[in-house]
Student: 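The structure that follows is given in the form of structure tokens.
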Amino acid sequence: MMTKFTPHNARELAFTSLERVSKTRAYSNLQVDETLRRHELSPADRRLVTTIVYGTLQHQLTLEYWLKSLTPGKKLDSWVETLLLTALYQFHYLERVPNWAITDETIKIAKRRGNPGIRKFVTGVLHSALRNGFPDFSEIKPLSKQLALTASVPQWLVETLINENGEQVTKEILRAINDPAHVSIRINTKKSDLKTVKEQLSEEGIETDESRVAANALVVTSGNVVNSSLLKNGTITIQDESAMLAVESMDLKPQFKVLDACAAPGGKTVQIAEQLSSEQGGEVVALDIHQHKVRLIGKNAQRMGVEGEVSPLALDARKVTERFNDEEFDRILVDAPCSGIGLLRRKPEIRYTKTAQDSQQLHKIQLAILNAVAPKVKKGGIITFSTCTILREENDHTVHEFLQNHPEFKLERTKTARAIKDDRDSATLTIMPSDYDSDGFFISSLKRNL
């Protein structure tokens, strides 16, 4: 009978975290956060846990291909496979970690978790990997399969990206999604300004550069902003640079009444609220289907000091007619449910769970939300439709189908404070992960004229 396995160190914690992601389909970022919260680790060990979990997930298809070549015809227990994948990841991608240390600790985990036979098997696979080296993908045909294995992205997604963007842009996207994600912060303009925040963070040992993408944003270059007093008191919030652009493009006025139709956890809600004034009648109504997520929006608003401008409400955006009058809102944000393909840096496991059929289904949901909220925006008002994906089925195709069914709306050119990609041909704005090393994002501006 197997004894209860208790992790001893950073590598074991990374291994058990990956097991949970695999078994429960938990988001990797939430699983890593929980692991780091529950265990006292040095900064170096915290980095190692994070690196192994994200890295193994990012390169999973590549590592599985390598593992199969080392264990032809073998059916492995899931935990043994996960353990070996973490070792192969470290062998190939962590240049500063000595191979003997990876080998030694992996064998120790196998011994503690399994039996002598498994320990011996794992030892043999590790020695074979070091002896034979990393497989060569350069001769694999077609190109979409080669790129899929090299970047560890499903072949259907590679083929879609090539069809929509061409081979060169696709290669750039695939390179970018496996680079480390930046930590970026947005300054709460109700509480401070960029220059002051930059100086205060520096005093706390956190160095930053000004964002090339979004106004009122900084990119962390060193230090741990999670522990900053400015984050706790709501002077700043962690948000990707690309994600900031949706609200930035909305041309808000202090007196506007705004609907945030798909609001949780409330990052864009509070960004909207910071530009409104409750004294002048400004308000953002923030919707989510789930009550516990609505509470999260409220907490976010309190931390940022904008609770007076935020009205959280549990409601399916497709049912807005039950609660709101036509032409009630000056602006509506539909930050729509999507496949999240633009977030592969931060949530690498998304690439393995999404399908082309998912995009088609999400396209229908997006249209249903847009159709429902369309009458609620005033004449002359704008619906901002945004997603965190880069697939056209969920972006431009959704916008174009909506416009075909709603001649009272016209597509306006999306504008940002830093004139991002201002030389583009399209009125909509698509940020690729390779453009600025930020998340992939899509924004469109739908103006009601009639």
Side-chain angles (χ1 to χ4, degrees), residues 186-191 214 216 231 234 236-240 242-338 340 365-366 368-378 381-388 441-446:
R186 185 175 57 74
I187 288 84
N188 182 348
T189 52
K190 279 195 185 293
K191 292 192 173 186
N216 301 313
L231 186 66
I236 62 172
T237 191
I238 296 174
Q239 189 177 7
D240 183 77
S242 297
M244 300 179 199
L245 297 180
V247 175
E248 192 179 286
S249 72
M250 288 176 71
D251 189 25
L252 297 168
K253 302 288 188 293
Q255 71 276 14
F256 275 3
K257 184 170 184 179
V258 182
L259 177 67
D260 188 352
C262 311
K268 296 180 184 68
T269 304
V270 297
Q271 187 181 0
I272 292 168
E274 286 164 25
Q275 298 183 53
L276 306 180
S277 167
S278 56
E279 294 176 358
Q280 298 181 50
E283 176 192 15
V284 53
V285 178
L287 307 184
D288 192 85
I289 295 175
H290 305 289
Q291 187 63 53
H292 71 279
K293 290 188 176 181
V294 171
R295 286 194 291 272
L296 195 60
I297 296 168
K299 285 183 180 178
N300 224 335
Q302 282 187 323
R303 181 176 67 86
M304 302 298 285
V306 292
E307 63 269 30
E309 285 76 22
V310 176
S311 300
L313 177 65
L315 183 69
D316 186 329
R318 290 168 290 190
K319 299 180 180 179
V320 289
T321 298
E322 297 175 7
R323 295 295 296 262
F324 302 108
N325 298 321
D326 288 354
E327 298 188 49
E328 188 165 338
F329 296 97
D330 299 279
R331 294 286 187 273
I332 295 177
L333 173 63
V334 177
D335 188 44
C338 72
I365 293 170
Q366 293 166 348
I369 294 171
L370 283 172
N371 289 336
V373 303
K376 307 306 170 187
V377 71
K378 295 176 181 176
I382 294 172
I383 298 174
T384 298
F385 172 76
S386 63
T387 73
C388 54
F441 215 83
F442 171 84
I443 310 165
S444 59
S445 306
L446 306 162

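Please read these numbers as outputs of a predicted model, since none were measured by experiment.
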Student: Of I383, L287, L333, which is the lone residue that meets side chain to side chain contact (heavy atoms under 4.5 Å, CB included) with V373?
Tutor: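 Among the candidates, only I383 passes.
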Student: How far does CD1 of I332 sit from CG of L370, to the nearest 0.5 angstrom?
Tutor: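 One finds 9.5 Å between CD1 of I332 and CG of L370.
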Student: Begin from the C-alpha positions of K257 and V284 and carry the test side chain to side chain contact (heavy atoms under 4.5 Å, CB included) through to its verdict.
Tutor: CA-CA 6 Å; K257 184 170 184 179; V284 53; over 6 Å; no
Student: Is there a side chain to side chain contact (heavy atoms under 4.5 Å, CB included) between T384 and V334 once you walk through the steps?
Tutor: CA-CA 6 Å; T384 298; V334 177; over 6 Å; no
Student: Go through the steps for I382 and M250 under the test side chain to side chain contact (heavy atoms under 4.5 Å, CB included), then give the verdict.
Tutor: CA-CA 8 Å; I382 294 172; M250 288 176 71; over 6 Å; no
Student: What heavy-atom pair brings A314 and I289 nearest, and what distance separates the two atoms?
Tutor: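 Scanning both residues completely, I find the closest heavy atoms to be CB-O, 4.3 Å.
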Student: Are any side-chain N or O atoms of N188 and backbone N or O atoms of M304, one a donor and one an acceptor, separated by less than 3.5 Å?
Tutor: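 Looks like yes, one N/O pair under 3.5 Å.
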Student: Using the salt bridge (Lys or Arg N to Asp or Glu O under 4.0 Å) criterion, which residues pair with D240? Sequence neighbours excluded.
Tutor: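 Only R346 meet the salt bridge (Lys or Arg N to Asp or Glu O under 4.0 Å) criterion with D240.
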Student: Quick check: closest heavy atoms across A261 and A317, and the distance to 0.1 Å?
Tutor: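 Nearest heavy atoms, A261 then A317: O-CB, 3.4 Å.
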Student: Show me the donor-acceptor pairs, under 3.5 Å and distance only, between side chains in residues 262-278 and residues at least two apart or in other chains.
Tutor:
from : atom 1 : to   : atom 2 : distance (Å)
K268 : NZ     : D335 : OD2    : 3.1
T269 : OG1    : D260 : OD2    : 2.6
Q271 : OE1    : Q239 : NE2    : 3.3
Q271 : NE2    : M244 : O      : 2.9
E274 : OE1    : R186 : NH1    : 2.6
E274 : OE2    : R186 : NH1    : 3.0
E274 : OE2    : R186 : NH2    : 3.4
S277 : OG     : E279 : N      : 3.4
S277 : OG     : Q280 : N      : 3.4
S278 : OG     : E309 : OE2    : 3.1

Student: Nearest 0.5 Å, what's the OG1-CD1 distance between T237 and I187?
Tutor: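 Between atom OG1 of T237 and atom CD1 of I187 there are 10.5 Å.
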Student: Work out which heavy atom in P375 is nearest to a heavy atom in N371; give both atom names and the distance.
Tutor: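 For P375 and N371, the tightest heavy-atom pair comes out as CD-O, 3.6 Å.
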Student: Between K378 and D330, is there a salt bridge with N-O shorter than 4.0 Å?
Tutor: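 A salt bridge links D330 with K378.
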Student: Scan residues 313-326 for pairs that pass salt bridge (charged side-chain N to carboxylate O under 4.0 Å, His left out), counting only residues two or more places apart or in two chains.
Tutor: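 Every salt bridge (charged side-chain N to carboxylate O under 4.0 Å, His left out) pair that includes a residue of residues 313-326, provided the two are not neighbours, is D316-R318, D326-K376.
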Student: How many angstroms lie between atom CD of E248 and atom CD1 of I443, to the nearest 0.5 angstrom?
Tutor: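 Reported to 0.5 Å precision, the distance equals 8.5 Å.
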Student: Looking at L446 and F385, what are the two nearest heavy atoms and their distance?
Tutor: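 It is CD1-CB, 4.3 Å.
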Student: Hey, are the side chains of L252 and V258 touching, using non-hydrogen atoms and a 4.5 Å cut-off?
Tutor: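 Yes, their side chains come closer than 4.5 Å.
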Student: Does any N or O in the side chain of R331 come within less than 3.5 Å of the main-chain N or O of F256, such that one atom is a donor and the other an acceptor?
Tutor: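 Looks like no, no N/O pair under 3.5 Å.
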Student: Just verifying a value: how many Å separate I297 CD1 and L313 CG, rounded to the nearest 0.5 Å?
Tutor: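 One gets 9.5 Å once the value is rounded to the nearest 0.5 Å.
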Student: Would you say the side-chain atoms of R303 pair up with the backbone N or O of G298, donor to acceptor, closer than 3.5 Å?
Tutor: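 No; judged by distance alone, with no hydrogens or angles, the pair does not exist.
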Student: Donor-acceptor check, side chain of Q366 to backbone of P337, threshold 3.5 angstrom: yes or no?
Tutor: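 Yes: the side chain of Q366 pairs with the backbone of P337.
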Student: Are the side chains of F441 and T387 in contact, using a 4.5 Å heavy-atom criterion?
Tutor: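 No, their side chains stay 4.5 Å or more apart.
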Student: Could you check whether any side-chain heavy atom of L315 comes within less than 4.5 Å of a side-chain heavy atom of F324, counting everything from C-beta outward?
Tutor: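 L315 reaches F324 side chain to side chain.
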